[in-house]
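A short worksheet on the structure shown next.
To find a chain, count down the sequence lines: A is the first, B the second, and so on, and within it residues start at 1. Being a predicted model, the structure only gives us computed values, none of them experimental.
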There are 2 protein chains.
Amino acid sequence: MKRTKNDVCEVSFIDSKKVAAVKKKLKPERTVQGLAETFKVLGDPTRVKIIFALSQQELCVCDLASLLEASKSAVSHQLRVLRNMKLVKYRKDGKMAFYSLDDDHIKNLFDEGLRHVEESE
Amino acid sequence: MKRTKNDVCEVSFIDSKKVAAVKKKLKPERTVQGLAETFKVLGDPTRVKIIFALSQQELCVCDLASLLEASKSAVSHQLRVLRNMKLVKYRKDGKMAFYSLDDDHIKNLFDEGLRHVEESE
DNA sequence: TTTATATATGAACAACTGTTCAACTATTTA
DNA sequence: TAAATAGTTGAACAGTTGTTCATATATAAA
């Protein structure tokens, strides 16, 4: 079995009481993954802009692309990500697709983040 | 000049009034980048676990590694990311480094996210 | 029906991310 | 002093991400 000097702690710990106490409170893996995924979706400048824009106004893909100075394709790809995460919804009107935020569910989180960033500037 | 059928909208828009109205409200690039970066840091399961653990208790690298069942190296790398973003701080005691959350600044944001995820389960 | 337009999408690609591994520093203990 | 331990770090690697490009679909207009 290969052992480096570095792996001592991988199977041990310093303070078993502390570790056990925190371990008991740890959220289930599913919750951790969900939380990370939620934050990750918000962790891209293009998506941040899209969400902010849609929090102001319902907009079509073309207007979003113009607004963000991005290609329609790039915007469309990102809208799909946001759609999959149920953060935005859309209505079709003729050949246009008007996107809006799916609900206020994420708006609070987004605003909380915005407050933090604007505070620390 | 190369033009595809697809690039019409890249320099145009559908509803100039809407676009202009939203454009006026758009946050400055710096804010958008900061917001995205903040969310991105929270958008990783390992870092989510670290932040949650440290919100319960001050912990050393070794205990964190044991708790998360990750290598010390992996934890240390992530702690550096969190340190750079000023999300965690540490005190040295002998050869140990005890980490804790830098302030409650991010705690609210984290809890807001947690509430969302736990609500939708 | 033909043409133009709004959007969606798969493939390809470069850039980025998180982990591991090995090596290093600093501190403690024998 | 030498050995062990806690932590840090750079390089390498695989996996992921976001964009572009080309193409496809659907609707509207000519």
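In the set dG7(D), dT8(D), dA8(C), the nucleotide with an atom closest to the side chain of C60(B) is dG7(D).
Rounding to whole angstrom units, CE of residue M85(B) and C1' of dG18(C) are separated by 17 Å. Summarising the geometry, the separation between OH on Y90(B) and P on dG7(D) is reported as 11 Å, rounded to the nearest angstrom. Rounding to whole angstrom units, CG of residue D15(A) and P of dT5(D) are separated by 18 Å. Here dA4(D) presents its P atom at 14 Å from NZ of K72(B), a figure rounded to the nearest Å. Going from atom CG of L82(B) over to atom P of dG18(C) covers 10 Å, rounded to whole Å. Regarding D63(B), its CG atom lies at a distance of 16 Å from the P atom of dT5(D), rounded to whole Å. Note: CD (E37(B)) to P (dC16(C)) measures 13 Å, nearest angstrom. One can place CD of E69(A) at 13 Å from P of dT20(D), the figure rounded to the nearest angstrom.
Applying the salt bridge (charged side-chain N to carboxylate O under 4.0 Å, His left out) rule to D104(B) yields no partners; only residues at least two apart in sequence or on another chain are considered. Considering only residues two or more places apart in sequence or on other chains, K27(B) meets the salt bridge (charged side-chain N to carboxylate O under 4.0 Å, His left out) condition with E118(A). Applying the side-chain contact (heavy atoms from CB on, under 4.5 Å) rule to Q57(A) yields the partners L59(A), K18(B), V22(B); only residues at least two apart in sequence or on another chain are considered. Listed by chain and residue number, S73(A), R80(A) satisfy the side-chain contact (heavy atoms from CB on, under 4.5 Å) test with H77(A) (two or more places apart in sequence, or in another chain).
At distances below 3.5 Å, at least one donor-acceptor pair connects side-chain atoms of S120(B) with backbone N or O atoms of H116(B). At least one donor-acceptor pair under 3.5 Å links the side chain of T38(B) to the backbone N or O of G34(B). Side-chain atoms of K40(B) do not come within 3.5 Å of backbone N or O of K40(A) as any donor-acceptor pair. Judged purely by atom type and a 3.5 angstrom limit, D63(A) has no side-chain atom pairing as donor or acceptor with the backbone of V19(B).
A donor and an acceptor atom, one from each side chain of E29(A) and Q33(A), are located under 3.5 Å apart.
When the nearest nucleotides of DNA chain C are assigned to K92(B) and L79(A) by heavy-atom distance, the more 5′-ward of the two goes with L79(A).
Residues from residues 93-101 of chain B lying near DNA chain C, meaning a heavy-atom separation below 4.0 Å, are G94(B), K95(B) in numerical order.
The phosphate of dT7(C) has neither OP1 nor OP2 within less than 4.0 Å of any side-chain N or O from R83(A). Note on R80(B): every side-chain N or O is 4.0 Å or more away from OP1 and OP2 of dG7(D).
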Letter by letter from the 5' end, nucleotides 11-19 of chain D scores (B base, S sugar-phosphate only, - none; protein heavy atoms under 4.0 Å) B-----SSS

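Evaluation of atom-type donor-acceptor distances gives a pair under 3.5 Å for the side chain of S73(B) against the base of dT9(D).
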